[in-house]
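Please read these numbers as outputs of a predicted model, since none were measured by experiment.
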Amino acid sequence: MRRDELDGARQAVGSEAGAAEAGVNHGQIYQYFGTRQSLLRAAAADLVERRTAESDDHWDLPFRERRQAMFRHRVEEPELVRLEPLLALDGDDDFNPLPRFEQTRRSLERDLDSGALPEDADAVAAHVMTTAAQMGYAIFREAYARDTGIPLPELDERAAQAYARMVTGLTLASTEDTPVEEARAEGSPAWKPATGT
């Protein structure tokens, strides 16, 4: 589904006029999808499938290239980025923010084995945090451009360069002198897992 189709589907969930505009009656939508969350989840799954089908070789790329490709994808094709927060904020227990994670895990294991990630890397955490950075930028990029006064194409390029440097940092082996190791040695809360509140 493209953005206009998704917008039509979302409208259809909310009103009979929206359903008519989408070419179906309001009851058919609920009969087929059941809930607004199910509709949004189906739209998100469709976008994930299309993206994956278009780039089957994605999983074979090394960590750095995979992450940078996903950053570009999220900036250039933000439909999925706009759907995922809706599902998360709706508290949808069936929402899966890491689709095809078993395939991702296999790629991460290969990254560790091949040296694309250092052997002491927390590959899953690196994947999660780079995904969070991609999502955050893609969601707020237009507002960031407005607030900074930087034209959006220029900001996208600068953000892509900063992101590439961040990802490159994750691919480097840590040393005793790195801030992460110093924080671990000092027991800094910056790296300790949360214990609940």
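- Criterion: ILVMFWY side-chain heavy atoms under 4.5 Å apart, direct or through other members. Under it, Val124 and Met129 are not part of a common hydrophobic cluster.
- Contact record, Ala123 with Leu112: CB-CD1, 4.0 Å, taken as the closest heavy-atom pair.
- Residue Val167 is not grouped with residue Leu172 when hydrophobic side chains (ILVMFWY) are merged at heavy-atom distances under 4.5 angstrom, including chains of intermediate members.
- In the displayed structure, Phe140 atom CZ is contacted under 6.0 Å by at most 12 heavy atoms of other residues, nucleotides or ligands.
- Counting only heavy atoms from C-beta outward, the side chains of Tyr144 and Ile150 never approach each other to under 4.5 Å.
- The shortest side-chain heavy-atom distance between Thr104 and His127 falls under the 4.5 Å cut-off.
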Notebook entry, point to check: Checking side-chain contact (heavy atoms from CB on, under 4.5 Å) for the pair His73/Gln134: CA distance, chi angles, key distance, verdict?
Noted result: CA-CA 9 Å; His73 171 75; Gln134 295 164 12; over 6 Å; no

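- For Arg146 (side chain) and Arg141 (main-chain N/O), no donor-acceptor pair under 3.5 Å exists by modelled atom type.
- Not one N or O on the side chain of Arg64 forms a donor-acceptor pair closer than 3.5 Å with the backbone of Leu170.
- Put simply, the side chain of Thr131 reaches to within 4.5 Å of the side chain of Arg74, judged on heavy atoms.
- Both Leu98 and Phe63 are members of a single hydrophobic cluster when ILVMFWY side chains are connected at heavy-atom separations under 4.5 Å.
- By the 4.0 Å N-to-carboxylate-O rule, Asp111 lies close enough to Arg66 to be salt-bridged with it.
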Could you go through Glu142 and Leu152, starting from their C-alpha distance and side-chain angles, then the distance that decides it, and tell me whether this counts as side-chain contact (heavy atoms from CB on, under 4.5 Å)?
CA-CA 7 Å; Glu142 292 172 356; Leu152 187 57; 4.0 Å; yes

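- One distance of note links CG of Asp60 with OG of Ser107; it measures 7.0 Å at 0.5 Å rounding.
- Taking 4.5 Å as the limit, some side-chain heavy atom of Pro85 sits within range of a side-chain heavy atom of Ile139.
- When the salt bridge (Lys or Arg N to Asp or Glu O under 4.0 Å) test is applied to Glu65, no partner is found at least two apart in sequence or on another chain.
- With rounding to the nearest 0.5 angstrom, the CD atom of Glu119 is 10.5 Å from the CG atom of Asp113.
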Determine, step by step, whether Arg158 and Glu154 satisfy the salt bridge (Lys or Arg N to Asp or Glu O under 4.0 Å) criterion, reporting the C-alpha distance in whole Å, the side-chain angles of both residues, the deciding distance to 0.1 Å, and the verdict.
CA-CA 6 Å; Arg158 289 169 64 177; Glu154 179 186 342; 3.0 Å; yes

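- Across all their heavy atoms, Tyr163 and Arg67 have their closest contact at CE2-O, 3.5 Å.
- Closest heavy-atom contact between Ala160 and Phe71: CA-CE2, 3.5 Å.
- Arg106 has no carboxylate O lying under 4.0 Å from a charged side-chain N of Glu102, or vice versa, which leaves the two without a salt bridge.
- When all heavy atoms of Ala116 and Pro62 are compared, the pair lying nearest together is CB-CB, 4.1 Å.
- Looking at Asp122, its side chain does come within 3.5 Å of a backbone N or O of Ala125 through a donor-acceptor pair.
- The closest side-chain heavy-atom distance from Thr130 to Met166 is not below 4.5 Å.
- Heavy atoms of other residues, nucleotides or ligands lying less than 6.0 angstrom from CD of Gln161 number more than 12.
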